[in-house]
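Data block below; observations after.
Computed from heavy atoms alone, side chains included, the values below leave out hydrogens, waters and symmetry copies.
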Amino acid sequence: MSQSIPSQSAANAKVANKKSIKLGLMLHGAGGHMNSWRHEKVPADASVNFPYFRELALKAEAANFDFLFVADGLHINEKSLPHFLNRFEPVALLSALASVTHSIGLAGTISTSYSDPFTVARQLASIDNISNGRAGWNVVTSPLAGSAKNFGKDHPEHSLRYQIAEEYINVVQGLWDSWDDDAFIRDRESGVFFDAAKLHKLNHQGQFFSVEGPLNIKRSPQGQPVIFQAGASEAGIALAGKSADAVFTNARTLQEAQEYSAKLQAQVALHGRHPVGIFPGISPIVGATEEEAEAKYQYLLSLISVDDALAYLGRFFDHHDFSQYPLDEPFPDVGDLGQNTFRSTTDQIKRSAKEKNLTLRDVAFQTTLPKGEFFGTPEQVADTFIRWVEEGGADGFIIGGPVLTEALDDITRLVLPVLADRGYWHPSTESKTLRERLGLPFKTSRYAQVSTKQQKNEQPQVAATLTHH
């Protein structure tokens, strides 16, 4: 498949003082559509087809996308999305992709409710070193109660999950600082392999975890992997304000994105940090004309049955069975259902249904396949990209479908040239690590920070690690 990418020199000529939009590609099987596996442009087994993922990764890298993003979940049932029923685990997939890519970032989802911090710290540090500093971690707390049944645990309630996550992140980041950057000397003549003074035990004793350390792998080429965070509830925003380098959001409109951004950056400021990069996940539908875009949408809509749409909607409400309600009557009053799962999403669904007087059928199909704001001609979609960035809703976007091969090709071939011509697409070819690609500084070790400041007779302060584009 041919791709037309604007040259770096041509893009630089258009830059002026405009913001450079950052892009990620969501690797979730055939795409974000409920039945994308049925689409003629993707393999039916896309979720477990490594050559397919490798081809997507290499195309995104050639197009100068900044990172790949692998979502995950830990609970399925017979009504789950087909992609969820049979898919690769993120750490394994990203490890494989690290060996066939060279510059694109590699971010994956790992739960803080159902994994061990020492193991996760080691896995991500390994990917980061294998890839020469391109790893990122999307921190999630696992909203579905059914996940607990796969781990022999009780599912923590919403606020407790975020308390656990906060301590979990602190432990993992502490383990990532187990070694100074130059701890491993490896002097064959003297026989000195490492400098013992540059080894640090964590000795963490907390409410939820007890971890001695040290971690048995060196520090990352970027200091530490990039921390993404995806929670949009009040607790999720509070956690992101304390620890995220970047956030992944599901805002469907610019207004939602702006409201989320305002809340998040206020939390970030409370902790004395620089603004955090915001990356809404989007499913653009692009056509040479509006009629072509509409034809694509109608074809995608034809692949979804009413039962599919109700099952997709039910997942956000802990797999609630919506088939028991009348389809063409107002969306049912489900009370507090969804408060301990995807809280921000279910709140938005219920609020929108009430404000717009939507039927259950309306809500089911709009949730399963929203047409969204990123719809239309290349110029219209590029305008939307620019508007969201200029008006404070985003720093970049994660492209998620609805059909990945088509979306990636359309964005690369049709939309990026328009953005480049308008001065909003000028990716760096010099960046080596994910932090560099996202404009984040090297993450200095806490021990190096203390040492440097003590030499200057200063009190240690929390280092700001984030920049805003």
Side-chain angles (χ1 to χ4, degrees), residues 20 22-27 57 60-61 65-72 90-91 93-95 97-98 101-112 117 120-140 165 168-177 181 215 217 219-231 236 239-249 264 268 271 273-281 394-398 427-428 431-446 463-469:
S20 179
K22 304 294 182 182
L23 290 179
L25 180 69
M26 176 82 79
L27 295 182
E61 185 170 64
F65 273 55
D66 295 287
F67 58 93
L68 304 170
F69 193 95
V70 181
D72 195 31
V91 171
L93 178 57
L94 292 172
S95 297
L97 292 174
T101 57
H102 303 283
S103 61
I104 196 165
L106 305 163
T109 295
I110 305 177
S111 170
T112 54
V120 169
R122 190 182 184 197
Q123 289 172 322
L124 290 168
S126 296
I127 293 175
D128 214 15
N129 279 285
I130 290 169
S131 66
N132 292 316
R134 294 185 282 131
W137 173 25
N138 179 39
V139 177
V140 300
Y168 193 115
I169 294 170
N170 290 334
V171 171
V172 170
Q173 291 187 311
L175 289 170
W176 283 338
D177 284 345
D181 297 296
L215 194 65
I217 187 169
R219 287 194 92 233
S220 159
Q222 58 180 341
Q224 291 186 2
V226 173
I227 299 288
F228 286 84
Q229 210 269 322
L239 178 64
K242 294 176 182 177
S243 57
D245 295 315
V247 295
F248 166 53
T249 79
L264 173 65
V268 170
H271 298 282
R273 306 173 68 213
H274 290 294
V276 169
I278 297 175
F279 295 87
D395 294 274
F397 304 91
I398 300 179
S428 170
S431 301
K432 292 182 172 60
T433 69
L434 180 54
R435 285 185 175 275
E436 288 173 333
R437 293 196 73 98
L438 299 182
L440 300 166
F442 178 88
K443 180 75 170 179
T444 306
S445 167
R446 66 193 63 192
T465 60
L466 302 169
T467 57
H468 189 58
H469 304 287

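Smallest separation of non-hydrogen atoms from Leu175 and Pro117: CD1-O, 4.1 Å. Shown here for Ser131 and Leu106, the closest heavy-atom pair between the two residues is CB-CD1, 3.8 Å. For Val276 against Ala244, the heavy-atom pair with the smallest separation is CG2-O, 3.6 Å. Scanning all heavy atoms of the two residues, the minimum distance from Ser243 to Ile169 falls at OG-CD1, 3.5 Å. Heavy-atom minimum distance, Ser95 versus Ile127: OG-CG1, 3.5 Å. Heavy-atom minimum distance, Phe65 versus Ile104: O-CG1, 3.6 Å.
Lys432 is not listed as a side-chain neighbour of Asn132, based on a closest heavy-atom distance of 4.5 Å or more. Inter-residue side-chain proximity for Val172 and Ile227 is flagged as unmet; no heavy-atom pair is nearer than 4.5 Å. Contact of the Val268 side chain with the His274 side chain is not registered, since no non-hydrogen atoms from C-beta on lie closer than 4.5 Å. Residues Tyr168 and Val120 form a side-chain contact, since some pair of their non-hydrogen atoms from C-beta on lies under 4.5 Å apart. Using a 4.5 Å heavy-atom cutoff, the side chains of Ser126 and Ile217 are in contact. Residues Val70 and Leu97 are not in side-chain contact: their nearest non-hydrogen atoms beyond the backbone lie 4.5 Å or more apart. Leu440 places a side-chain heavy atom less than 4.5 Å from the side chain of Val226.
Separating the CZ atom in Arg134 from the CG atom in Leu68 is a distance of 8.5 Å, to the nearest 0.5 Å. The distance from the CZ atom of Phe397 to the CD1 atom of Ile278 is 11.0 Å, given to the nearest 0.5 Å. Atom CG of residue Leu93 and atom CG of residue Asp72 lie 10.0 Å apart, to the nearest 0.5 angstrom. A distance of 9.0 Å separates CD of Gln222 from CZ of Phe442, quoted to the nearest 0.5 Å. The CG atom of Leu239 lies 8.0 Å from the OG1 atom of Thr112; values are rounded to the nearest 0.5 Å.
Between the side chain of Lys22 and the backbone N or O of Arg437, at least one donor-acceptor pair lies under 3.5 Å. Judged purely by atom type and a 3.5 angstrom limit, Glu61 uses its side chain to pair as donor or acceptor with the backbone of Ser103. Between the Trp137 side chain and the Pro225 main chain, no donor and acceptor come within less than 3.5 Å of each other. Without hydrogens or angle criteria, Trp176 side chain to Ala121 main chain gives a donor-acceptor distance under 3.5 Å. The main-chain N or O of Arg446 is found under 3.5 Å from a side-chain atom of Asp177 such that the two form a donor-acceptor pair. No donor-acceptor pair closer than 3.5 Å links the side chain of Arg122 to the backbone N or O of Leu215.
For the side chain to side chain contact (heavy atoms under 4.5 Å, CB included) test with Pro280, the passing option among Val247, Asp395, Thr249 is Thr249; the others fail.
Between Phe228 and Phe69, the distance from one ring center to the other falls under 6.0 angstrom.
The aromatic rings of Phe279 and Phe67 sit perpendicular, their planes meeting at an angle over 60°, well past the 30° parallel limit.
Using modelled atom types and a 3.5 Å distance limit, the side chains of Asp128 and Gln224 yield no donor-acceptor pair.
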